[in-house]
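To start, the structure under review is shown below, and the notes come after it.
Note that the structure is a prediction, hence the values are computed from the model and not measured.
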Amino acid sequence: FHIQKDEAQLKRFNDVLTKVLNFLPEWYIDQSDNGSYYVKFNFNGQYHNSDGVGEGLLSVFTIVDALYDSDEDDIIVIDEPELSLHPSLLRKLSDLIVEFSAVRQIIVSTHSPYFINWQSLLAGGKVARTIKKTNGDIRIFQLQDDTIEDLSGLLNNFNNPHILGLDAKEVFFLDENIILVEGQEDVVFIKKISELL
């Protein structure tokens, strides 16, 4: 609420916001008759309160609010930032979180491969997966250092580049019993061979 009363804070907030959004909406905080505050948007003369815009836009506002004025060494926890966001915004939001994580501890709970960042893993970031077993136990699995070292070799091999895109990141969200294969042809043939056998 105090952002709009301070030009420097408002500029800093909007600068961070534009790193995620493709445009800077005209927005301000308003107060309802019952005393609660809400975000109001002006889109070319059409006014919408926070109930009239997508949940994804409000989620971006909340995350930017947590980031823009945070201090170095702060711990920020973000739960499911992918909800209601367009994939193009997911990429930009992921990049923003990585940028801020250089000097802050940011913990993201997600179901989206967009928030797996290979360079962050190589720089010391961690990925942990929690699985609830049928007996109610919860198991936590973490990517091993030797696996990260192997990934480093792949990602930094400029003579034989490996592109580990969104499909490769999905491995962190798949069911158990994953089979890793070497080439693209193996991906096609392993399914056919499994069906034959």
Side-chain angles (χ1 to χ4, degrees), residues 1-117 119-121 123-132 136 138-140 142 166 169-170 172-173:
F1 181 72
H2 301 290
I3 294 172
Q4 62 190 6
K5 295 180 179 180
D6 182 327
E7 272 190 47
Q9 275 193 356
L10 180 62
K11 180 179 179 347
R12 199 166 62 208
F13 180 91
N14 283 336
D15 287 347
V16 176
L17 185 63
T18 55
K19 290 182 178 188
V20 179
L21 298 180
N22 298 326
F23 65 98
L24 180 62
E26 184 180 332
W27 66 273
Y28 56 95
I29 306 292
D30 206 347
Q31 189 173 19
S32 66
D33 293 337
N34 67 7
S36 60
Y37 295 99
Y38 61 93
V39 182
K40 193 166 188 178
F41 298 92
N42 176 2
F43 297 106
N44 299 322
Q46 299 294 316
Y47 291 89
H48 301 278
N49 66 19
S50 29
D51 292 334
V53 298
E55 290 179 27
L57 182 58
L58 293 177
S59 176
V60 169
F61 262 76
T62 303
I63 293 168
V64 168
D65 185 43
L67 294 174
Y68 93 100
D69 63 347
S70 61
D71 294 321
E72 291 187 8
D73 300 324
D74 277 355
I75 297 173
I76 300 169
V77 179
I78 303 171
D79 186 33
E80 298 183 358
E82 69 271 12
L83 296 180
S84 301
L85 280 185
H86 189 277
S88 66
L89 297 181
L90 289 174
R91 286 186 188 96
K92 292 177 181 181
L93 182 57
S94 177
D95 290 345
L96 180 68
I97 290 170
V98 168
E99 175 187 330
F100 273 78
S101 72
V103 291
R104 292 161 185 80
Q105 179 69 49
I106 300 181
I107 301 166
V108 176
S109 172
T110 185
H111 298 279
S112 173
Y114 284 100
F115 291 94
I116 303 294
N117 183 286
Q119 295 306 319
S120 292
L121 291 174
K126 301 294 181 191
V127 173
R129 180 177 178 183
T130 57
I131 298 176
K132 185 174 182 181
I138 294 179
R139 298 195 55 203
I140 299 174
Q142 195 163 359
L166 196 59
K169 294 176 188 178
E170 288 179 358
F172 296 108
F173 302 93

Tell me if a side-chain donor or acceptor on [X] pairs with a main-chain N or O of [Y] at a distance below 3.5 Å.
X	Y	result
Arg104	Ser70	yes
Ser94	Tyr114	yes
Gln142	Lys126	no

Would you compute the distance between atom [atom1] of [X] and atom [atom2] of [Y] and round it to the nearest 0.5 angstrom?
X	Y	atom1	atom2	answer
Tyr68	Leu17	OH	CG	11.5 Å
Glu80	Thr110	CD	OG1	7.0 Å
Leu67	Leu93	CG	CG	8.0 Å
Gln31	Lys40	CD	NZ	12.5 Å
Lys92	Glu99	NZ	CD	13.5 Å
Leu58	Leu83	CG	CG	12.5 Å

Could you tell me how the ring of Phe61 sits relative to the ring of Phe13: parallel (under 30°), tilted (30 to 60°) or perpendicular (over 60°)?
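Answer is tilted, since the angle falls between 30° and 60°.
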
How are the rings of Tyr28 and Tyr47 set relative to one another: parallel (under 30°), tilted (30 to 60°) or perpendicular (over 60°)?
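Ring orientation of Tyr28 relative to Tyr47: perpendicular.
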
Ignoring hydrogens, what is the shortest heavy-atom contact between [X] and [Y]? Give both atom names and the distance.
X	Y	value
Gln9	Ile3	OE1-CA, 3.7 Å
Leu90	Glu82	CD2-CA, 3.3 Å
Asp71	Asp74	N-OD2, 2.7 Å
Pro81	Phe115	CG-CZ, 3.6 Å
Glu55	Ser84	CB-OG, 3.8 Å
Ile76	Ala66	CD1-O, 3.7 Å

After noting the C-alpha distance and the side-chain angles of Ile29 and Val39, does the key distance pass the side-chain contact (heavy atoms from CB on, under 4.5 Å) rule?
CA-CA 5 Å; Ile29 306 292; Val39 182; 4.0 Å; yes

Using side-chain heavy atoms (C-beta onward) and a distance below 4.5 Å, is Phe100 in contact with Leu96?
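Yes; the side chains approach each other to less than 4.5 Å.
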
Determine whether Asn49 and Asp30 make a side-chain contact, defined as any pair of heavy atoms from C-beta on separated by less than 4.5 Å.
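They are not in side-chain contact.
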
What do the steps show when you test Gln105 against Ile107 for side-chain contact (heavy atoms from CB on, under 4.5 Å), and what is the final call?
CA-CA 7 Å; Gln105 179 69 49; Ile107 301 166; 4.2 Å; yes

Within 6.0 angstrom of Asn44 CG, more than 12 heavy atoms from elsewhere
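For Asn44, atom CG is not crowded (no more than 12 foreign heavy atoms under 6.0 Å).
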
More than 12 heavy atoms of other residues, nucleotides or ligands under 6.0 Å from CG of Leu24: is that the case?
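Buried by this count: over 12 neighbours within 6.0 Å.
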
Apply side-chain contact (heavy atoms from CB on, under 4.5 Å) to residues Asp69 and Arg12 and explain how you reach the verdict.
CA-CA 8 Å; Asp69 63 347; Arg12 199 166 62 208; 3.8 Å; yes

Would you please test Lys11 and Asp15 for salt bridge (charged side-chain N to carboxylate O under 4.0 Å, His left out) and show each step?
CA-CA 6 Å; Lys11 180 179 179 347; Asp15 287 347; 2.8 Å; yes

